[in-house]
**Q** 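Following this message is one structure expressed as structure tokens.
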Amino acid sequence: MTATITMPSTASMAAGDVAITNINMIISVRHIPKKDVAAILGKFPQSFSRMLKIGYPWTFDDMVKVANYLGVTLNDLTDVNLTAAKVLQMQKTAVPDDSGNGGQLVAGHGFEPWTSGL
């Protein structure tokens, strides 16, 4: 059975409410457990569930932590045109961050271009 996610219209929402709507969508589309997101904020899952309701006043620090954990920018979170398809595309093109170098790709020895010594 396929579930359809219906999100409220974000055109007339405040930026914080757009971000909450987009966080809900990202968590849902990527199948991220809410308890994991709650943990990075140092909150109980029940408290985090309340934070996911439209109108809840988030701190800027919490918004940044969640954006970093989800691998998106604050601009992505406040994008009124963010769709599930865009979320999936961002996930496909994201650089894995399990390398210990912040997701930065670094070429190994011997991969310098021939002009690097000029």
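This chain uses plain numbering: 1 for the first residue, then up along the sequence.
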**Q** In residues 42-60, what donor-acceptor pairs under 3.5 Å come from side-chain atoms, sequence neighbours left out?
**A**
residue	atom	partner	partner atom	Å
S47	OG	R50	NH2	3.4
S49	OG	P45	O	3.2
W58	NE1	M51	O	2.8
T59	OG1	D62	N	3.0
T59	OG1	D62	OD2	3.3

**Q** Taking atom types as modelled, find out whether D76 and T73 have a side-chain donor-acceptor pair closer than 3.5 angstrom.
**A**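 Looking only at side-chain atoms, T73 and D76 do form a donor-acceptor pair, the distance falling under 3.5 Å.
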**Q** Could you grab the distance from atom NZ of K86 to atom CG of D79, nearest 0.5 Å is fine?
**A**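 K86 NZ to D79 CG: 5.0 Å, rounded to 0.5 Å.
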**Q** Evaluate side-chain contact (heavy atoms from CB on, under 4.5 Å) for Y69 paired with L41, printing each intermediate quantity in order.
**A** CA-CA 10 Å; Y69 180 76; L41 293 175; over 6 Å; no
**Q** Would you say that L88 contacts V29 through its side chain, given a criterion of any heavy-atom pair below 4.5 Å between the two side chains?
**A**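 Result yes, sub-4.5 Å side-chain heavy-atom pair found.
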**Q** Which atoms form the tightest heavy-atom contact between L77 and M63, and what is the distance?
**A**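 So the two residues come closest at CD1-SD, 3.8 Å.
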**Q** Would you check if M25 and L82 make a side-chain contact, meaning some heavy-atom pair closer than 4.5 Å?
**A**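 In contact.
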**Q** Without swapping roles, check the side chain of T78 against the backbone of L74 for a donor-acceptor pair under 3.5 Å.
**A**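 Side chain of T78 to backbone of L74, a donor-acceptor pair under 3.5 Å: yes, one is there.
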**Q** Show your working on side-chain contact (heavy atoms from CB on, under 4.5 Å) between M90 and V72 and close with a plain yes or no.
**A** CA-CA 8 Å; M90 286 189 295; V72 298; 4.0 Å; yes
**Q** Locate the shortest heavy-atom distance separating L70 from I27; write the atom from each residue and the value.
**A**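 Answer, listing the atom of L70 first, then I27: CD2-CG1, 4.4 Å.
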